[in-house]
Amino acid sequence: MGNKEKLILAIDTSCDDTSVAVLAGTRVLANVQASQTNIHQQYGGVFPTLAKQAHQEHIADCVDLALKRAGLSNSKEQKTNLDALAVTVGPGLAPALEVGINYAKKLAQKWQTPLIPINHIEAHAISPLLNPQTCQAPRTVNFPVLALVISGGHSEFILIKKIGDYERLGWTVDDSAGECLDKIGRMLDLGYPAGPVLEKLAKKGKSNRWPLPLAMTAVENFNLSFSGLKTAGHQLINQLSAKQPLDAQSVCDLAACVQKQVFAQINFKLERILFSPDLKKTTYPNKQYLKKIKRQEIQAPVTEINEVWLGGGVAANIVLRASIRKTLSNYQKITKKKIKLFLPYHKKFCADNAAMIALVAQFRSLKKNYHPQELDRQPNLKIG
Ligand code: KG4
Ligand code: ZN
């Protein structure tokens with residue numbers, strides 16, 4: 001990790017989970033979540049005012065519990081134990097972000113510690129670097145890394161040259177992958193969030209029963225789009241249920257078909273990134289060029305990417321993980337270059353959590369002057 005191992009408490013209230021964590025270096029000492037799933041389920045999505053209210057109700061208890069689990073106490077005398085505080089400033093829901101930021105400012109004042117503003121997407125991107133408390137030493141990373149952040153709010157390909165140096169290679173131009181899964185799930189009355197339910201149902205489904213579109217294949221960049229698939233799924237569900245109510249097998253088949261196409265699109269663009277003749281110029285390998293490579297008529301360029309990281313709520317999905325491994329192994333067959341997939345060490349760190357927020361803060365210099373009073377929410381914050 002280069003820097004000395006710091007003790008950092010972080011808060012994330014960017015969406016519907018009140019999350020507080022304490023990290024020593026990359027090791028997670030405590031990770032507390034107050035989930036709001038029950039509150040928002042009836043709306044089929046997150047209701048910002050209710051999210052704010054629930055964050056306000058739970059934040060103090062979450063901080064106390066995280067300190068207790070990390071063996072610290074919430075008193076003035078203990079203030080020197082923590083090297084810094086960190087808080088998500090964006091992207092996220094403005095009213096929800098505000099609660100975490102205001103509470104973090106109060107704590108920074110009380111304990112006289114620096115308060116570090118953190119980008120939530122950066123945190124998902126580097127979440128595979130988190131380690132359990134028992135970890136002896138963090139592993140050495142072989143940069144550059146390609147991070148895939150696939151969540152309910154984001155779907156992005158980020159080139160990490162080193163921690164803190166990011167370039168966004170591609171992103172969704174409309175809905176995110178998680179949003180597409182959630183919305184299709186909502187049409188099927190599967191509750192919120194629907195991603196995990198669809199994954200379960202898809203296991204019993206036939207993924208080739210109905211053809212669904214694969215978007216962005218003719219667009220020569222690394223961007224994604226899921227709104228067309230969402231609409232096609234919507235139309236298919238309407239068509240099928242107009243004749244008779246959907247039977248259980250049809251719901252499983254729909255889950256399998258939709259999930260397959262969401263992941264197919266991610267892998268389609270991942271493959272293009274790997275075969276890009278010049279990633280520095282984000283050169284897109286077009287259809288003819290790829291055909292020649294696969295027929296071994298021309299030699300495949302060897303990508304500078306050495307590792308692939310996957311983070312964000314959808315990263316918990318086993319089928320997505322397997323499909324990415326398959327893309328990487330196909331790439332290896334052609335180029336002989338082995339690129340390994342790295343994931344957060346536990347599924348709970350795929351979804352929103354404050355441990356990943358504290359992790360980003362570990363790489364920030366404490367010498368930099370952070371002015372808590374100037375820190376503000378940035379709901380549309382981007383990376384790179
Ligand atoms: O990272 P996250 O907790 O929040 C955002 O930053 O958006 O991601 C939540 C998203 C939801 O869309 C949810 O349906 C999806 O992650 N998700 C899954 C799975 N678990 C969570 N999608 C597919 N398969 C899963 N197992
Ligand atoms: Zn998130």
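In listed order, ligands and their atoms are each counted from 1. The figures that follow rest on heavy atoms only: side chains count, while hydrogens, waters and symmetry mates do not.
In this structure, E297 places its CD atom where more than 12 heavy-atom neighbours from other residues, nucleotides or ligands lie under 6.0 Å away. For Q296, the CD atom sits in a loose shell: 12 or fewer heavy atoms of surrounding residues, nucleotides or ligands are nearer than 6.0 Å. By the neighbour-count criterion of 12 heavy atoms within 6.0 Å, atom NZ of K162 is sparsely surrounded, having that number or fewer from other residues, nucleotides or ligands. Shown here is K68, whose NZ atom has no more than 12 heavy atoms of other residues, nucleotides or ligands within 6.0 Å. Within a 6.0 Å radius of NZ in K347, other residues, nucleotides and ligands contribute more than 12 heavy atoms.
Atoms of ligand 1 lying under 4.0 Å from at least one heavy atom of H120, given by number and element, are 6 (O). Atoms of ligand 1 found under 4.0 Å from any heavy atom of P193 (numbered from 1 in listed order, with element): 13 (C), 14 (O). Of all the atoms in ligand 1, the ones that sit under 4.0 Å from a non-hydrogen atom of A351 are 1 (O), 3 (O).
Closest to atom 26 (N) of ligand 1, if we only count protein heavy atoms, is E199 OE1, 2.8 Å. Here the heavy atom of the protein found nearest to atom 10 (C) of ligand 1 is G152 N, 3.4 Å. For atom 21 (C) of ligand 1, the closest heavy atom belonging to the protein is G313 O, 3.4 Å. At the shortest separation from atom 15 (C) of ligand 1 among protein heavy atoms lies V314 CG2, 3.9 Å. For atom 24 (N) of ligand 1, the closest non-hydrogen atom of the protein is N317 ND2, 3.0 Å. Here the heavy atom of the protein found nearest to atom 22 (N) of ligand 1 is G195 CA, 3.4 Å. Nearest protein neighbour of atom 11 (C) of ligand 1, counting heavy atoms only, is D182 OD2, 3.4 Å. Shortest contact from atom 2 (P) of ligand 1 to any protein heavy atom: D352 OD1, 3.5 Å.
When the Zn ion (ligand 2) is compared with the N/O/S atoms of H120, atom NE2 turns out nearest. Within D352, the N, O or S atom at minimum distance from the Zn ion (ligand 2) carries the name OD1.
Between the side chain of N131 and the backbone N or O of R27 there is no donor-acceptor pair closer than 3.5 Å. Remark: side-chain polar atoms of K269 are paired, donor with acceptor, to backbone N or O of M216 under 3.5 angstrom. Here the side chain of E156 pairs no donor or acceptor atom with the backbone of T172 at under 3.5 angstrom. The backbone N or O of S176 sits less than 3.5 Å from a side-chain atom of E179, completing a donor-acceptor pair.
Residue G153 places at least one N or O, backbone or side chain, under 3.5 Å from an N or O of ligand 1. Between G178 and ligand 1, an N or O atom pair is found at a separation short of 3.5 Å. For ligand 1, none of its N or O atoms has an N or O atom of L181 under 3.5 Å away.
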**Request:** Start with the C-alpha distance between E122 and R364, add both sets of side-chain angles, then the distance that settles salt bridge (Lys or Arg N to Asp or Glu O under 4.0 Å), and finish with yes or no.
**Result:** CA-CA 12 Å; E122 180 178 3; R364 295 281 156 78; 2.8 Å; yes

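Neither the backbone nor the side chain of D17 comes within 4.0 Å of ligand 1, counting heavy atoms alone. Here H124 has side-chain heavy atoms under 4.0 Å from ligand 1, and that is the only part of it that gets that close.
For C15, the heavy-atom gap to ligand 1 stays at 4.0 angstrom or more.
Between F275 and Y331, a ring centre-to-centre spacing shorter than 6.0 Å is recorded.
The aromatic rings of Y345 and F349 sit tilted relative to each other, their planes meeting at an angle between 30° and 60°.
Coordination check, C15 versus the Zn ion (ligand 2): failed, since every N/O/S atom of the residue sits at 2.8 Å or beyond.
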